[in-house]
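Here, residue 1 is the first one in the sequence, and each next residue gets the next number. Heavy atoms only: backbone and side chains are in, while hydrogens, waters and symmetry mates are out.
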Amino acid sequence: MKFEQYNIAVEIKRSLNELGFTRPTDIQFKAIQSILKGEDVLAIAQTGTGKTAAFVIPILNNIHKQKIKKKIQGISSVVIAPTHELALQIAKAFQQIGKYTQVTTLCLIGGVGQDSQITQLASGVDVLVATPGRLFDLKSQGHVKLNHVKILVLDEADHMLDLGFIKDIRDLTRVLPKQRQTLFFSATINAEIKKVAYSMVTNAIRIQISPKNPVAKNIRHSVAFIEMDDKRFFLERIIRENPESKIMIFVRTIVRAERVATAMKRVGIECQTIHRNKEEVERQETILSFKESKFNILIATDVSARGIDIPGIDFVINYDLPLNEEMYVHRVGRTGRGKNKGIAVSFCSTGEKTVLGKIEGFLEQPIDKLDIFKKDVLTTRELAMEKKADWRSLMKEVEEEMVLLKKKVRKPANNKEIPRVRKGKKSRKGNK
């Protein structure tokens, strides 16, 4: 069945055609009709399978038709996302697919000035895509009115309903109309989170379950047992052996991201980092530049593991294994999206083997083990050290040339060189 055959507005069909969307993916095929009917939906599908469009298309259609009949007032739909990047991406999908409709969309995120957001709210908005912090902030100031909301969407629902956000979500549902449609979308969800989801709705939820393996089949997985001190050498080796590839590298902490980036830059590898300590504008610029292939190596914390759609990522490298097995699914889901193939390589130190076991248990299958022999470790170290030595020798040559230039300038009339004094060091005799 093609989108052209769906009972949706011609304006939406037109934009879908321009975007190259002709046939729905499995999750879109199963979810769109239910959402169009007004049913509550809990949709669980692999990463990269088109979950965003699965709720964007029917929401746009329903609001657009209501606006034509002039039966719309105020904010009709609220979409909550856990990160700034994901919220921006969802808002962009609404704007692109709703290009020819009468539906207006606004993204509310922190880290940027609120004045322009307040102005847009005052002029009227149909769809609000937001992170919880900024949404509650502007609501408390009286700028966000939620009494006409008909549809609530939680994207990355497993994360939105865990301990970090559940209080915010419960507070939000208390101020929304009880008669509403509720949609949950995620790549992973456990029994506890599913129970929470059931407790938040009154209508029966139509559950769409993904295949048994939560990771797409077109991602090839492997793990290499490498100790912490050797990981940077193997990372350099993979990058150099795949010079044209777009690579996303995941680490556990912000400090680790900067250290790995510094290590790569020291050996001449251009890369950027993205994490919560970056200003919002800088994070947006980094994502855009990576999408446009202005650089090909991005080092990220898990802030970028969920939902971010960056075309053409060839490799995902888990420099550190994630703290929980579900995050592994979200990380590797940055590659192999749609019909594209991808490669996921994980570095596992001795201390991370327990986490690896949990990941394999969650996937219900083992991850292919790469044979890394002692000679491979030694060879990789030697190659890295040789490059480092070449770099150091080059710098030494530059320093020697600079010294010679200084000597030429500083020679006095009697042609005797001025003695060089090393700063910061005192004579040992003087210290006695």
Side-chain angles (χ1 to χ4, degrees), residues 44-49 51 81-86 89 155-159 162 164 186-190 210 213-224 226 231 234-235 238-239 245-254 256-257 260-261 271-276 283 286-287 290-291 296-338 340-349 352-365 367-368 370:
I44 308 165
Q46 297 167 333
T47 58
T49 54
K51 291 190 295 296
T83 67
H84 294 182
E85 289 77 16
L86 183 53
Q89 185 174 290
D155 200 15
E156 300 297 331
D158 61 329
H159 191 49
D162 71 12
S186 188
T188 58
I189 200 162
N190 58 38
S210 65
N213 186 346
V215 179
K217 291 180 180 179
N218 47 352
I219 301 175
R220 194 170 81 236
H221 306 258
S222 60
V223 60
I226 303 169
K231 286 185 177 184
F234 279 88
L235 178 60
I238 290 175
I239 293 171
S245 296
K246 184 175 284 191
I247 301 174
M248 195 163 185
I249 301 153
F250 283 102
V251 296
R252 283 188 183 179
T253 67
I254 292 169
R256 187 81 140 180
V260 174
C271 60
Q272 298 291 333
T273 61
I274 185 168
H275 48 68
R276 292 190 188 279
R283 282 161 62 176
T286 299
I287 289 290
F290 189 51
K291 282 183 175 180
N296 282 337
I297 312 297
L298 180 61
I299 302 170
T301 57
D302 287 331
V303 70
S304 300
R306 285 179 175 269
I308 303 303
D309 187 12
I310 299 174
I313 294 179
D314 303 292
F315 284 82
V316 164
I317 298 176
N318 289 306
Y319 190 90
D320 301 318
L321 286 181
L323 290 172
N324 66 71
E325 54 272 28
E326 292 180 359
M327 188 56 70
Y328 176 86
V329 173
H330 294 285
R331 283 184 178 188
V332 302
R334 298 317 99 210
T335 188
R337 299 183 69 78
N340 297 322
K341 293 186 180 298
I343 299 172
V345 180
S346 298
F347 295 165
C348 180
S349 66
E352 295 174 298
K353 287 185 178 179
T354 301
V355 179
L356 176 63
K358 290 180 179 179
I359 291 169
E360 291 181 320
F362 185 72
L363 298 178
E364 297 187 2
Q365 65 179 35
I367 297 173
D368 290 339
L370 295 176

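- Remark: D314 pairs with no residue by the salt bridge (charged side-chain N to carboxylate O under 4.0 Å, His left out) rule, at least two apart or across chains.
- Counting heavy atoms from C-beta on, the side chains of K353 and C348 come closer than 4.5 Å.
- Put simply, the side chain of F347 reaches to within 4.5 Å of the side chain of L235, judged on heavy atoms.
- Atom-to-atom distance recorded for D309:CG and R337:CZ is 4.5 Å, nearest 0.5 angstrom.
- A pairwise comparison of heavy atoms in N318 and Y328 identifies ND2-CE1, 3.4 Å as the closest pair.
- Note that CD of E156 and NE2 of H330 are 5.0 Å apart. Values are rounded to the nearest 0.5 Å.
- Distance CD1/I219 to CZ/R334: 9.0 Å, rounded to 0.5 Å.
- Rounding to the nearest 0.5 angstrom, the gap separating the CD1 atom in I317 from the CD1 atom in I249 is 5.0 Å.
- Checked by atom type and distance alone, the side chain of K246 pairs as donor or acceptor with a backbone atom of K291 at under 3.5 Å.
- Looking at every heavy atom in both residues, A157 comes nearest to S186 through N-CB, 3.7 Å.
- For the side-chain contact (heavy atoms from CB on, under 4.5 Å) test, residues two or more places apart in sequence or in another chain that qualify with K358 are E325, T354.
- Closest heavy-atom contact between P322 and R252: O-NH2, 3.9 Å.
- Checked against side chain to side chain donor-acceptor pair (under 3.5 Å), S349 has the following partners two or more places apart in sequence or in another chain: E352.
- Annotation: side chain to side chain donor-acceptor pair (under 3.5 Å) contacts of T335 (sequence neighbours excluded): none.
- Atoms CD and CD1, on E85 and I310 in that order, are 9.0 Å from each other to the nearest 0.5 Å.
- Nearest heavy atom pair, residue A261 against residue T273, reads CB-CG2, 3.5 Å.
- With sequence neighbours excluded, the residues that form a side-chain contact (heavy atoms from CB on, under 4.5 Å) with D302 are F250, A305, M327, R331.
- Here I299 contributes atom CD1 and M248 contributes atom CE; the two are 10.5 Å apart, rounded to the nearest 0.5 Å.
- The salt bridge (charged side-chain N to carboxylate O under 4.0 Å, His left out) search around D155 returns none, not counting sequence neighbours.
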